[in-house]
Amino acid sequence: MIKAVRGTRDLLPPETALWNFVESTVRDVFRAYNFQEIRTPIFESTELFARGVGEETDIVSKEMYTWEDGTRAADFAVYKKWMTARFPGVKSFGEFDPDIARRETPVPIAHLRQERAYIVFGYRTSEEVIEELERAVRLNETKVLQFDELRLVIADPEMKDVGLQVGGMTVKTEIVSIDLPPQSLTLRPEATAGIVRAYIEHNLETRGLNKLYCIGPMFRRERPQKGRYRQFYQIDAEIIGPASAGSESPARDAEVLEMLATLLDRLGIKNWTLELNSVGSSAERAKFNEALRIALDPVKDQMCGDCQRRAVTNPLRVLDCKHPEDQPIIEKLPRISQFLDEDSRKHFDAVQQILRAVGVEFQINDRLVRGLDYYTRTAFEFTHGALGAQNAILGGGRYDGLSEALGGPAAPGIGFAIGEDRLVMSLQESAFAGGALRQPDLYVAPLGAGMNVEAARLARELRRHDLVVDLGDDTFRLKKSFEIAAKAGAKYILIVGENEVKAEAFALKNLITGEQISVPRAELARKIQE
RNA sequence: GUGGGAAUAGCUCAACUGGUAGAGCACCGGACUGUGGCUCCGACGGUUGCGGGUUCGAUUCCCGUUUCCCACCCCA
């Protein structure tokens, strides 16, 4: 049997009703804050995540779904990089250059012209040959020349051997296949990088402040466990724009946090906790990291195995350690708050001040750190008790330098991602009744050969009155129709048999009370809606 | 990637130190040719995840493997 692959799963009814409830509530709440939807591709070039999320993070180094799509060169920059790696010493890229061809010393040269690539190795040749080459290039011909020290290779799989007259001589030609560099693609492991990429690509900074959200699947190649799948769903929102539009303001941080508190309340999530910290600018964090490393060096041998490793690879994560024996040591370590400069400190204070004013409760957790490289200043998590080891249902923070790291304009931003799988799970655990599932108002039971036709007509009429109508088949015995209608939870069953069609009045039975009446065709919809 | 547990009918689970694989529910049919839920009767349903090994004999013991669950690593 073919099964859903490891770490993926089917979402089946009636659970899907719960997902729709979550998503429509999200859209409702976000709209009140003027967020608008963006949909980005579920795969992007690998480089985006490597640069955005951070080459050294676990996500990029070992948890991405990455493959090579080798159909064509992505663009000249990528091509040039690849060519240089494959043919060290290549000196020139671009159009055919007769000046280089006249040099005394042979120079390897690579050319890229649209999708055709050709390389000249070690050439030094006559004016006639140069002219011939110039013409070939001008006419965009695909040819291969071999003449004395000249060897011109043109990549073109269509091309067979071609004879070429150069200066009265027939030149032997040769095809050398050049594999164009494959493009590395990756299924998105998170949404922020793609959204910032779109922000840059479409010049969204010209619109001022952008409030964007995105709901969809993400992918991580990690071992599945409770609430963590290889294809998982995230609800992601970002506020991003030029600083002049207010994107850097602590008011944005507070607005996002207040919106999340509202959303969780609206969804009926009880007992959530907001944990808040500032991780500082990247410079401040670098200093902090160094200080941690120094402080850990003399004491790390007394700590658990994990911490000994983290002390070297990622000192920040030592703060996350849950080993009771390590806590006294961790308590004495330096804190990020000691490394914040005046601006970062003021920013963080302002966020807290607004949260208090609007009545959103929070806890400062100065051991809260983020795993992705791009986070700066405000970092936060909402946790929920009943989720086992995976108690965080959403997390996020500010990423003031991300746009620039991806080659875009300065665009401070703040965002978060909600793990939708886990959010739905916690709704199920808090005994959400699932009233979102609408059961049929009516089951139409055609009775006897040929009655499918009349039943279809009636069903169509009644559905236009916004009734949920399910439809049987005229080969069913009436008993079977009743059983199916009852199992589907239909409120009414309508019998469409020969007698009814003749009389233009149909037997309508209330499956809850058991009451049955004969209703003229024209009054059916009204009667059912009562 | 590491560790522990698990895998038997569509679902939930039995099967005594190793002796022919079973129940409840669901599904289908009948009792009941145009009236459901209740009741009764019947039928269907399996390479015991897969592959090796030990044994006269393996669902049971051993090894490998796959998947799931829990945790670790890590993390929105």
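Chain A is the first sequence line, chain B the second, and so forth, proteins listed ahead of strands; every chain is numbered from 1.
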Side chain of A/Glu222 only, please: which of B/C74, B/C75, B/C27 is the nearest? B/C74
Would you classify A/Gly7 as touching base, sugar-phosphate or nothing, given that sugar-phosphate means primed atoms plus P, OP1 and OP2, and contacts are heavy atoms under 4.0 Å? sugar-phosphate
Length of the line joining A/Glu63:CD and B/G1:C1', which is rounded to integer Å: 10 Å
Using only heavy-atom distances, determine whether the side chains of A/Ser184 and A/Glu47 contain a donor-acceptor pair under 3.5 Å. no
Excluding sequence neighbours, so at least two apart, what forms ring pair (Phe, Tyr, Trp, His ring centres under 6.0 Å) with A/Phe43? A/Trp67
Can you tell me how far P in B/G57 sits from the matching atom in B/C69, rounded to whole Å? 37 Å
Nearest-angstrom distance, C1' atom, B/U20 to B/A15: 12 Å
Should A/Arg6 be listed as having a side-chain N or O under 4.0 Å from OP1 or OP2 of B/C68? yes
Donor-acceptor pairs under 3.5 Å, side chain of residues 392-402 of chain A to any protein atom, not counting sequence neighbours: which ones?
from	atom 1	to	atom 2	distance (Å)
A/Arg398	NE	A/Asp253	OD1	3.3
A/Arg398	NE	A/Asp253	OD2	3.1
A/Arg398	NH1	A/Ser247	O	3.2
A/Arg398	NH1	A/Asp400	OD1	2.9
A/Arg398	NH2	A/Ser247	O	3.1
A/Arg398	NH2	A/Ser249	O	3.4
A/Arg398	NH2	A/Asp253	OD1	2.5
A/Tyr399	OH	A/Glu238	OE1	2.4

Given atom CZ of A/Phe382 and atom P of B/A76, what is their separation to the nearest angstrom? 15 Å
I'd like the P distance from B/C73 over to B/U2, given in whole Å. 15 Å
Could you work out the separation of B/G51 and B/U59 based on their P atoms and round it to a whole Å? 12 Å
Using distance only, find each side-chain donor-acceptor pair of residues 448-459 of chain A under 3.5 Å and give its atom names and separation, not counting sequence neighbours.
from	atom 1	to	atom 2	distance (Å)
A/Asn452	OD1	A/Asp474	N	3.0
A/Asn452	ND2	A/Asp474	OD1	3.4
A/Glu454	OE1	A/Arg457	NH2	2.8
A/Glu454	OE2	A/Arg521	NH1	2.6
A/Glu454	OE2	A/Arg521	NH2	3.2

CE of A/Met64 versus P of B/G1: gap in Å, rounded? 17 Å
Looking only at heavy atoms, which two atoms of A/Ala237 and A/Phe30 are closest? And how far apart? CB-CE2, 4.1 Å
Salt bridge (charged side-chain N to carboxylate O under 4.0 Å, His left out) filter on A/Glu255, not counting sequence neighbours, yields A/Lys211, A/Arg252
When rounded to whole Å, the CD to C1' distance for the pair A/Gln225 and B/C68 reads 13 Å
In terms of side-chain heavy atoms, does A/Trp19 have a donor or acceptor partner in A/Glu23 at a distance below 3.5 Å? no
Could you measure between the two P atoms, the one in B/U8 and the one in B/C50, and give it in whole Å? 10 Å
Rounded to whole angstroms, how far apart are OH on A/Tyr375 and C1' on B/C74? 15 Å
Residue mapping more 5' on RNA chain B - nearest nucleotide basis, A/Phe416 or A/Ala4: A/Ala4
Would you say A/Thr66 and A/Thr186 are linked by a side-chain donor-acceptor pair, where the criterion is simply a distance under 3.5 Å? yes
What I want to check is whether an N or O donor and acceptor connect the side chain of A/Arg223 with the base of B/A71 at under 3.5 Å. no
Length of the CZ-P vector between A/Arg230 and B/C74, whole Å: 18 Å
Taking the P atom of each, how far is B/C28 from B/G10, in whole Å? 15 Å
Base versus backbone protein contacts along nucleotides 32-41 of chain B [heavy-atom cut-off under 4.0 Å; B, S, -]: --BBBB----
Answer with yes or no whether the side chains of A/Gln231 and A/Tyr233 bring together a donor and an acceptor at under 3.5 Å. yes
Euclidean distance, atom NZ of residue A/Lys480 to atom P of B/C27 [Å, nearest integer]: 11 Å
Measuring only the P atom in each nucleotide, how far is B/A14 from B/U60? A whole number of Å is fine. 16 Å
Taking B/G5 as the reference, what is the distance to B/G46 when you measure between their P atoms (whole Å, please)? 31 Å
Tell me if the centroids of the rings in A/Tyr213 and A/Phe35 come within less than 6.0 Å of each other. no
Base-paired stems that RNA chain B participates in, counting runs of 3 or more Watson-Crick or G-U pairs under 3.5 Å: B:1-7 with B:66-72, B:10-13 with B:22-25, B:28-31 with B:39-42, B:49-53 with B:61-65
Quiz question: going by heavy-atom distance under 3.5 Å, is there a donor-acceptor pair between the base of B/C74 and the side chain of A/Arg220? no
Please report, rounded to the nearest Å, how far the P atom of B/A26 is from the CD1 atom of A/Ile484. 16 Å
Could you state the interatomic distance from CD1 (A/Ile418) to CG (A/Asp236), rounded to the nearest 0.5 Å? 9.0 Å
